[in-house]
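This report refers to the structure that appears directly beneath it.
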Amino acid sequence: APLLPAAWSSSPRVAMAEPHLVVTSPGDGVHFAKPGDTVYLHYTGTLDGNVFDSSRGHAPLNFVLGQHQVIPCFEEAAGVMSPGETATLTCPPAYAYGEKGIGPIPPNSTLTFDVQMLRVQQPSVWGALFSQAQSYMPAVQQFLGQMGYGPPPGAGGAAGGGDPAAGAAGPAGFGGPASFGS
């Protein structure tokens with residue numbers, strides 16, 4: 001039977017405007033991810049019946065719920081699935097890659113994922129503190145720079161005159177289905 005959270009419409013006229021989750025095997029029904037929790041899941045993504053990406057046979061996809069590291073469809077589904085649950089997830093373009101598409105996925109594509117929620121991990125106390133501290137780092141760096149405690153000239157970073165993006169691993173991204181096997 002389809003599982004449609006209250007935020008998802010079951011109205012036929014907008015059924016494909018929002019994600020649709022059909023549970024194929026129930027989970028524990030007890031542990032659900034909350035924002036800040038790390039979820040671990042396996043997925044196989046298809047477009048018109050052709051597989052375009054899968055975590056199966058590799059490490060599971062993991063992401064922090066609420067951090068927008070994955071497509072919105074995955075964020076929505078991860079919040080209503082419990083460990084052990086498997087489901088078929090249909091993601092309309094607005095909840096996937098939208099009008100731009102990505103890699104082998106053309107613009108305005110509706111994607112289908114077979115998803116298996118493996119586990120939900122709450123953040124550790126240290127992890128939560130570190131995450132909170134990171135949000136204050138730009139202000140701390142600016143203050144230290146104003147006090148003369150920045151990196152030496154040419155050492156990189158905004159205060160050192162170098163390119164702050166140099167050496168970055170790439171844009172903040174999707175973390176899973178966008179990698180296409182990389």
Side-chain angles (χ1 to χ4, degrees), residues 1-11 14-46 52-98 102 105 109-141 168-180 182:
L3 171 66
L4 295 172
W8 297 355
S9 173
S10 60
S11 168
V14 293
M16 289 310 295
E18 297 184 6
H20 185 72
L21 184 75
V22 177
V23 175
T24 54
S25 178
D28 71 13
V30 175
H31 301 97
F32 295 92
K34 300 175 297 308
D37 290 348
T38 300
V39 298
Y40 295 80
L41 55 88
H42 273 305
Y43 68 91
T44 298
T46 59
F52 64 85
D53 194 17
S54 180
S55 67
R56 301 213 181 260
H58 306 285
L61 169 66
N62 68 80
F63 60 93
V64 178
L65 189 64
Q67 298 272 322
H68 309 293
Q69 300 168 320
V70 295
I71 58 175
C73 200
F74 272 47
E75 288 271 346
E76 295 274 345
V80 298
M81 293 180 71
S82 63
E85 186 170 325
T86 59
T88 300
L89 178 62
T90 303
C91 304
Y95 286 81
Y97 297 103
I102 188 170
I105 301 171
S109 295
T110 296
L111 306 177
T112 303
F113 293 92
D114 288 322
V115 182
Q116 178 186 16
M117 176 65 77
L118 300 173
R119 68 183 169 118
V120 174
Q121 180 178 334
Q122 295 179 336
S124 68
V125 171
W126 291 112
L129 287 172
F130 179 74
S131 178
Q132 190 67 28
Q134 281 185 312
S135 68
Y136 293 110
M137 285 308 292
V140 170
Q141 289 172 332
F174 183 79
S179 64
F180 300 110
S182 31

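If you read the sequence from its start, that first residue is 1, and numbering goes on from there. Quick caveat: nothing in here was measured; it's all calculated off a predicted structure.
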Side chain to side chain contact (heavy atoms under 4.5 Å, CB included) between Gln121 and Asp37, intermediate numbers included: CA-CA 6 Å; Gln121 180 178 334; Asp37 290 348; over 6 Å; no
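Under the side-chain contact (heavy atoms from CB on, under 4.5 Å) rule, Val64 has a single partner from Val70, Thr38, Val39, which is Thr38. Screening Thr44, Thr86, Thr88, Thr46 for a side-chain hydrogen bond (donor to acceptor under 3.5 Å, both in side chains) with Asp114, the sole residue that qualifies is Thr88.
Under the 3.5 Å distance criterion, the side-chain polar atoms of Ser109 are left unmatched by any main-chain donor or acceptor of Leu111.
Summarising the local packing, CD of Gln122 is surrounded by 12 or fewer heavy atoms from other residues, nucleotides or ligands at distances under 6.0 Å.
Here Tyr95 contributes atom OH and Thr110 contributes atom OG1; the two are 12.5 Å apart, rounded to the nearest 0.5 Å. Distance CD1/Ile105 to OH/Tyr97: 5.0 Å, rounded to 0.5 Å. A distance of 8.0 Å separates OG1 in Thr24 from CD in Glu85, rounded to the nearest 0.5 Å. Atom-to-atom distance recorded for Glu76:CD and Ile71:CD1 is 11.0 Å, nearest 0.5 angstrom. In this structure, CE on Met81 lies 6.0 Å from CG on Leu21, to the nearest 0.5 angstrom.
Annotation for Arg56 and Gln116: closest pair NH1-OE1, 3.2 Å, computed over non-hydrogen atoms. Considering all non-hydrogen atoms of both residues, His42 and His58 come closest at CE1-O, 3.3 Å. The minimum heavy-atom distance between Val80 and Phe32, with the atom names listed, is O-CE2, 3.4 Å. Residue Thr90 comes nearest to Cys73 through the heavy atom pair O-SG, 4.0 Å, listed as atom of the first residue, atom of the second, then distance. In plain terms, the two heavy atoms of Ser55 and Leu61 that are nearest each other are CB-N, 4.3 Å. Minimum heavy-atom separation, Leu89 to Ala77: CD2-CB, 3.7 Å.
Side-chain contact between Leu118 and Pro83: absent, with no pair of heavy atoms (C-beta onward) separated by less than 4.5 Å.
Side-chain polar atoms of His31 and Ser82 form no donor-acceptor pair below 3.5 angstrom.
Note: Phe74 and Phe113 have perpendicular aromatic rings, judged against thresholds of 30 and 60 degrees for the angle between ring planes.
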